[in-house]
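One structure is given below, encoded as structure tokens.
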Amino acid sequence: PAPAAPDTAGVAAALRRAVDEGAPGALARIEDHGRTYKVTRGLADRSTRRAITADDRFRIGSVTKTFSAVVLLQLADEHRLSLDAPVNRYLPKLLPDDRITVRQVLGHRSGLYDYTNDMFADSVSGFEAVRNKVFTYRQLIALSLRKPRTNAPGAAYSYSNTNFVVAGILIEKLTGQSVRTAYEDRIFKPLKLRDTFYVHPKTTIPGRYARGYLTPDEAGAPLLDTTNQTVSWAQSAGAIISSARDLDTFYSALLSGRLLSAARLGDMEKFIRVDSTTAYGLGLRRRELSCGVAVYGHTGIVQGYYTYAFATKDGARSFAAVATTSNNAKVQEAMGGALDTAFCGKDGK
Ligand SMILES: C[C@@H](NC(=O)[C@@H](C)NC(=O)CCCC[C@H](NC(=O)C[NH3+])C(=O)[O-])C(=O)O
């Protein structure tokens with residue numbers, strides 16, 4: 001029998017909690033066997049007091065990593081890339097260890113240090129130092145290589161944005177195009193993702209969007225409007241702009257086999273356990289929810305936006321949600337509750 005309809009009342013309660021805990025606004029959208037459910041709470045803009053809508057665009061942060069992984073896995077399907085080849089075969093001398101492979105990079109097992117650890121040690125000053133900066137990929141790699149690697153190639157999982165900066169360089173080298181063109185030609189246009197953009201290094205969000213606000217480290221300090229930034233510190237690791245509708249479409253299409261061969265999707269879904277409820281594949285997270293359902297997708301954190309975008313393994317039910325503040329653990333927890341409720345519902349079906 002078809003699973004019970006999503007518990008939209010439960011999702012609404014979770015979004016209300018996110019707003020009560022400090023998010024100016026929150027939205028969620030569920031696509032379930034062709035039916036759409038939208039839930040919203042709070043504001044898109046604190047100065048105009050405009051209410052947030054489920055169609056507002058926003059910065060998706062690391063959900064970008066799944067898009068970058070899809071492009072490289074398509075190149076593997078086209079025999080233009082071998083997942084088990086060293087990165088240095090395609091980009092000579094880029095990395096200090098010839099043993100680091102493409103698969104290890106996409107699975108956060110390369111050992112490459114995450115330069116954002118230092119960049120955002122202090123949330124507000126770190127953000128303000130880079131919000132209008134434009135980095136080259138190689139400058140970001142150089143920041144990472146200043147620090148020792150976290151593990152030998154392939155020896156352990158250690159999340160690092162550096163890995164998906166390497167993915168961006170690989171995409172540009174192997175396609176001869178910018179990552180923007182590669183995303184547009186291979187994913188955005190084929191899936192008609194009309195709310196999805198890669199505009200780096202422009203700082204503005206096209207069309208109608210929710211503004212994002214960073215919660216400072218100091219308790220009680222006022223929120224900082226972080227909507228306009230280059231996101232050049234992340235690029236192919238986190239700079240895509242999208243909407244809940246487009247993320248639902250993307251993960252449903254990916255997981256129902258419309259973007260990759262079964263073999264490459266299988267590669268993407270070879271998961272390494274990260275903690276008791278999450279595992280990481282290639283640019284893809286698996287989360288086990290309270291009712292035992294496993295969902296597949298990615299989380300995203302860019303200053304001002306917490307994003308969750310996940311779907312069932314067959315893509316028949318997808319959930320995308322964002323809260324418009326970041327660096328606020330209680331808001332992040334509330335949004336995790338929305339994810340759980342969206343798939344587990346009241347009666348855990
Ligand atoms: C976790 C998520 N990763 C991402 O989305 C990537 C692009 N974001 C980060 O690595 C966090 C950058 C700092 C955010 C800042 N935090 C601080 O400044 C902390 N001092 C903030 O919260 O806005 C993922 O892969 O699931």
Side-chain angles (χ1 to χ4, degrees), residues 56-72 91 94 105 112 114-120 123-146 160-189 193-214 224-243 246-247 250 283 298 300-305 307 322 324 326-327:
D56 283 325
R57 292 164 182 169
F58 54 92
R59 297 187 184 284
I60 69 172
S62 285
V63 176
T64 303
K65 292 179 168 75
T66 309
F67 288 80
S68 297
V70 163
V71 171
L72 287 175
L91 299 161
L94 177 78
V105 161
L112 293 169
D114 188 345
Y115 56 83
T116 67
N117 294 339
D118 311 309
M119 193 177 271
F120 300 121
S123 303
V124 169
S125 62
F127 169 73
E128 288 184 330
V130 300
R131 73 177 297 166
N132 293 311
K133 256 193 147 177
V134 180
F135 293 96
T136 65
Y137 287 133
R138 301 223 173 210
Q139 284 171 328
L140 297 175
I141 301 290
L143 287 176
S144 167
L145 296 183
R146 283 191 195 154
S160 172
N161 286 294
T162 311
N163 287 314
F164 280 80
V165 172
V166 172
I169 308 175
L170 271 173
I171 289 170
E172 300 206 339
K173 176 72 186 278
L174 294 172
T175 62
Q177 302 169 319
S178 66
V179 288
R180 172 178 184 171
T181 304
Y183 292 145
E184 288 171 352
D185 290 358
R186 292 169 172 272
I187 306 173
F188 300 175
K189 288 177 188 159
L193 304 182
R194 302 199 201 297
D195 295 324
T196 304
F197 301 88
Y198 187 83
V199 299
H200 174 271
K202 279 175 58 188
T203 61
T204 50
I205 300 176
R208 193 175 67 175
Y209 56 87
R211 300 195 73 84
Y213 302 89
L214 174 64
L224 176 74
D225 186 331
T226 51
T227 310
N228 295 339
Q229 66 154 306
T230 59
V231 202
S232 198
W233 61 269
Q235 294 184 55
S236 44
I240 287 181
I241 287 159
S242 190
S243 68
D246 281 4
L247 293 184
F250 170 65
H298 219 287
I301 306 179
V302 62
Q303 287 83 359
Y305 302 93
T307 301
V322 66
T324 60
S326 61
N327 202 36

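Positions are given from 1 along the sequence. Because the structure is a prediction, the values reported are computed rather than measured.
Listed for the Thr226 side chain is a donor-acceptor partner under 3.5 Å among the backbone atoms of Gln303. Here the side chain of Asp246 pairs no donor or acceptor atom with the backbone of Ser243 at under 3.5 angstrom. Between the side chain of Thr307 and the main chain of Val322, no donor-acceptor pair closer than 3.5 Å is present. A donor-acceptor contact shorter than 3.5 Å is absent between the side chain of Asn161 and the backbone of Asp114. Side-chain N or O atoms of Arg57 include one that pairs as donor or acceptor with a backbone N or O of Pro206 at under 3.5 Å. A donor-acceptor distance shorter than 3.5 angstrom exists from the side chain of Thr227 to the backbone of Gly212, with no hydrogens or angles considered. A donor-acceptor contact shorter than 3.5 Å is absent between the side chain of Tyr115 and the backbone of Ala142.
Residues Leu247 and His298 form no side-chain contact, since every pair of their non-hydrogen atoms from C-beta on lies 4.5 Å or further apart. At least one side-chain heavy atom of Ile171 sits less than 4.5 Å from a side-chain heavy atom of Leu72. Inter-residue side-chain proximity for Ser68 and Val179 is flagged as unmet; no heavy-atom pair is nearer than 4.5 Å. Considering only heavy atoms from C-beta on, Phe58 stays 4.5 Å or farther from Thr324 through its side chain. In this structure the side chain of Lys202 never reaches within 4.5 angstrom of the side chain of Asn228, judged on heavy atoms. Looking at heavy atoms from C-beta onward, Val166 lies in side-chain contact with Leu94 at the 4.5 angstrom threshold. For the pair Val63/Ile240, no side-chain contact is recorded, criterion being any heavy-atom separation below 4.5 Å from C-beta on. Residues Ile141 and Ile169 are in side-chain contact: their nearest non-hydrogen atoms beyond the backbone lie under 4.5 Å apart.
Under the ring-ring contact (aromatic ring centres under 6.0 Å, His included) criterion, Tyr198 pairs with Tyr183, sequence neighbours left out. A search for side chain to side chain contact (heavy atoms under 4.5 Å, CB included) contacts involving Gln139 returns Phe135, Thr136, not counting sequence neighbours.
In this structure, the separation between CD on Glu128 and CG on Leu214 is 8.5 Å, given to the nearest 0.5 Å. The OH atom of Tyr213 sits 12.5 Å away from the OG atom of Ser326 when rounded to the nearest 0.5 Å. To the nearest 0.5 Å, the span separating CZ on Phe250 from CD1 on Ile187 amounts to 5.0 Å. The NZ atom of Lys189 sits 12.0 Å away from the CZ atom of Arg194 when rounded to the nearest 0.5 Å. Here Asn327 contributes atom CG and Phe120 contributes atom CZ; the two are 11.0 Å apart, rounded to the nearest 0.5 Å. Taking CG of Leu91 as the start and OH of Tyr137 as the end, the distance is 11.5 Å to the nearest 0.5 Å.
The two residues Ser236 and Gly168 make their nearest non-hydrogen contact at OG-CA, 3.3 Å. When every heavy atom of Asp56 is checked against every heavy atom of Arg208, the shortest pair comes out as OD1-NE, 3.1 Å. Nearest heavy atom pair, residue Thr64 against residue Ala237, reads CB-C, 4.1 Å. In this structure, Arg59 and Ile205 approach most closely via the heavy-atom pair NH2-CG1, 3.7 Å.
Of the N and O atoms on the side chains of Gln235 and Ser232, at least one donor lies less than 3.5 Å from an acceptor on the other residue.
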